[in-house]
**Student:** 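I have a structure I would like to understand better, so I am pasting it below and will then ask my questions one at a time.
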Amino acid sequence: MTVGIIAIQGAFLEHAHTLEKLGIKTLWVKEPADLKHIDRCIIPGGESTAISKQMCESGLMQALKKRIEEGMPTMGTCAGLVLMAKSVDKDPLITLGVMDIQVKRNAYGRQLGSFSTRASLPLISQNQVELIFIRAPYIQKVEPSVQIIHVHESRIVAVLQNRMFAVAFHPELTEQTCFHEYFLTI
Amino acid sequence: MNSRYELNKNLAQMFKGGVIMDVTTPEEAVIAEEAGACAVMALERVPADIRKDGGVARASDPKMIKAIQKAVSIPVMAKVRIGHFVEAQILEALDIDYIDESEVLTPADSELHIDKSLFKTPFVCGAKNLGEALRRILEGASMIRTKGEPGTGDVIEAVRHMRMMQSEIRRIQSLHKDHLYNAAKELMVSYELLKSVHENGKLPVVNFAAGGIATPADAAMMMQLGCDGVFVGSGIFKSGDSRRRAAAIVKAVTHYNQPEILAEVSEDLGEAMVGISVYDIKPEARMSERGY
């Protein structure tokens, strides 16, 4: 099995390091042709505007959307969550629109609003996990088709819909592998 | 260091593989965002103009910074003079995303940089070599960039500084650990930070290239030399077709090792910024010599 990581801009290396620890083969995805060789996909954190623009120009946006709609398991973190959402609050950003959620970008403010916290997510790990939010989005609305995995201070920050898993925080910035292990089971 | 410092290093990780562009107006900021910049640097004059105008260059007017913050959704950085901790306090009060303690502005302190550990807001600092980089990190910088020679459009110094950093890192990596203490003394850096370089073969923070990058090829070369992303200052808004050039440099950073794509994006970009050869600038007038 090969996990493709969208490698246009942002923290894509960190995802590859986490998957390496689990002995999983990874491949950078920059263009539509790269999708042929992957079985799963991760959309990393970074600037969603920068990633969206290049994905649109190369045709990767449409090609990836098709693969996800055909059932390819996909995980999005932070900007990745934004790019998977059907709608983005007060923002003209073009997204994949594959998950029935509405997100708000930079919802916790600028960098001084970034924070980390520890929480229990029984579905992911028996131990407490570290959640790092960097200029993070949160989820404002979900359709009934979406399962809420975690809520932080009344804001939805992790969701699952069919084989799509998206979080507002950055598991790839920690030493934890549990989120990636979970992703490999969906 | 605390978790705030970790969060600040983490934001720099989100910039990787991206281009941070100097902008002087909200309109330029929007062009940069639309071109795919991962952040903008708000300043009153780009380095080429600072160089031309002479005089004392200071931090920008808060009004102008606020207007740029309002115009875009991507992170906004701004510069302060080396050692000017009050300019930094002002930027922190503006809720800026990253502070650049920059040699592009006229230094405010003749021997000290800002004690960056006193701030919640992250700092990026310039460095010509490993010693400078580790001194800035000890002071609290959560991101490093090469100094290059700003405002010239001449990439030679950025290349020199990146190669210098890489070769010093390789040398430290190859030392027996018994020699690390001596090496730390020679470089005037903390033993702990040098030990981390010895063990990991890289700086403990993200390292961008800056200073003289003017074309997609320049940007891709810096990426191939091992940096994590690039700053482009005067190179974009001092060129003929800024919008096109900005987008081309963004693509060049993503596809830095795919020459066919680099050829495609380099085509028909109009006039590049008028350059100045670094060797035509007197050593005492070089910005990269500022800092300690």
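In the text below, chain A, chain B and the rest are named by the order of the sequence lines, each starting its count at 1. Keep in mind that the numbers below use all heavy atoms, side chains included, and drop hydrogens, waters and symmetry copies.
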**Student:** Side chain, backbone, both or neither: which part of Ile8(A) has a non-hydrogen atom closer than 4.5 Å to chain B?
**Tutor:**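 For Ile8(A), the contact with chain B is made by backbone and side chain together.
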**Student:** Taking only Lys NZ, Arg NE, NH1 and NH2, and the carboxylate oxygens of Asp or Glu, determine whether Glu264(B) and Lys251(B) approach each other closer than 4.0 Å.
**Tutor:**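 A salt bridge is absent here (no side-chain N lies under 4.0 Å from a carboxylate O).
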**Student:** Under 4.5 Å from any heavy atom of chain B, what part of Glu130(A) do you find: side chain, backbone, both or neither?
**Tutor:**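 Contact with chain B is absent: no heavy atom of Glu130(A) under 4.5 Å.
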**Student:** Below 4.5 Å from any heavy atom of chain B, which atoms of Leu13(A) appear? Answer side chain, backbone, both or neither.
**Tutor:**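 The side chain, not the backbone.
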**Student:** List for me each residue that meets salt bridge (charged side-chain N to carboxylate O under 4.0 Å, His left out) alongside Lys16(B), sequence neighbours excluded, and say none if there are none.
**Tutor:**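 Result, salt bridge (charged side-chain N to carboxylate O under 4.0 Å, His left out) vs Lys16(B): Glu14(A).
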**Student:** Applying salt bridge (charged side-chain N to carboxylate O under 4.0 Å, His left out), name anything that partners Glu34(B), two or more places apart in sequence or on another chain.
**Tutor:**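 Salt bridge (charged side-chain N to carboxylate O under 4.0 Å, His left out) list for Glu34(B), sorted by chain: Arg243(B).
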**Student:** Heavy-atom cut-off 4.5 Å, strictly under: side chain, backbone, both or neither for Ala7(A) against chain B?
**Tutor:**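 It is the backbone, since no side chain atom gets that close.
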**Student:** Under the 3.5 angstrom rule, does the side chain of Ser58(A) hit a backbone N or O of Glu31(A) as a donor-acceptor pair?
**Tutor:**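 Pair absent, no side-chain N/O of Ser58(A) close to backbone of Glu31(A).
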**Student:** Chain A contacts: which residues in residues 87-99 of chain B have a non-hydrogen atom closer than 4.5 Å to it?
**Tutor:**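 Heavy-atom contacts from residues 87-99 of chain B to chain A are Glu92(B), Asp95(B), Asp97(B).
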**Student:** Decide, yes or no, whether a salt bridge links Arg105(A) with Glu47(A) under the criterion of side-chain N to carboxylate O below 4.0 Å.
**Tutor:**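 Glu47(A) and Arg105(A): salt-bridged.
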**Student:** Taking all heavy atoms of Leu7(B) and all of Ser114(A), pick out the closest pair and write down the distance.
**Tutor:**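 Closest pair (atom of Leu7(B), atom of Ser114(A), distance): CD1-O, 3.5 Å.
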**Student:** Counting only pairs under 3.5 Å, give me each side-chain donor-acceptor contact of residues 179-186 of chain A, with atom names and distances, residues two or more places apart or in other chains.
**Tutor:**
{"unit_1": "His180(A)", "atom_1": "NE2", "unit_2": "His15(A)", "atom_2": "ND1", "d": "2.9"}
{"unit_1": "Glu181(A)", "atom_1": "OE2", "unit_2": "Thr177(A)", "atom_2": "OG1", "d": "2.6"}
{"unit_1": "Thr185(A)", "atom_1": "OG1", "unit_2": "Tyr182(A)", "atom_2": "O", "d": "2.6"}

**Student:** At a 4.5 Å cut-off on heavy atoms, which part of Leu112(A) comes close to chain B: side chain, backbone, both, or neither?
**Tutor:**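 The answer is both parts of Leu112(A).
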**Student:** If you tally heavy-atom pairs under 4.5 Å against chain A, which of Asp228(B), Val250(B), Thr254(B), Val19(B) wins?
**Tutor:**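 Top option by heavy-atom pairs under 4.5 Å: Thr254(B).
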**Student:** Could you have a look at Pro75(B), Gly17(B), Gly36(B) and say which one has the most heavy-atom pairs with chain A under 4.5 angstrom?
**Tutor:**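 It is Pro75(B).
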**Student:** Of the listed residues (Lys9(B), Gln258(B), Lys120(B), Gln69(B)), which shares the most heavy-atom pairs with chain A below a 4.5 Å separation?
**Tutor:**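 Highest number of pairs under 4.5 Å: Gln69(B).
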**Student:** Please confirm whether the backbone N or O of Phe15(B) pairs with a side-chain atom of Gln9(A), one donor and one acceptor, at under 3.5 Å?
**Tutor:**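 Present.
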**Student:** Does the Asn106(A) side chain pair with the main chain of Ser73(B), one donor and one acceptor, at a distance under 3.5 Å?
**Tutor:**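 Flag set: sc Asn106(A) to bb Ser73(B) pair under 3.5 Å.
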**Student:** Is the closest basic N to carboxylate O distance between Lys66(A) and Glu69(A) below 4.0 Å?
**Tutor:**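 Salt bridge between Lys66(A) and Glu69(A), a charged N being under 4.0 Å from a carboxylate O: no.
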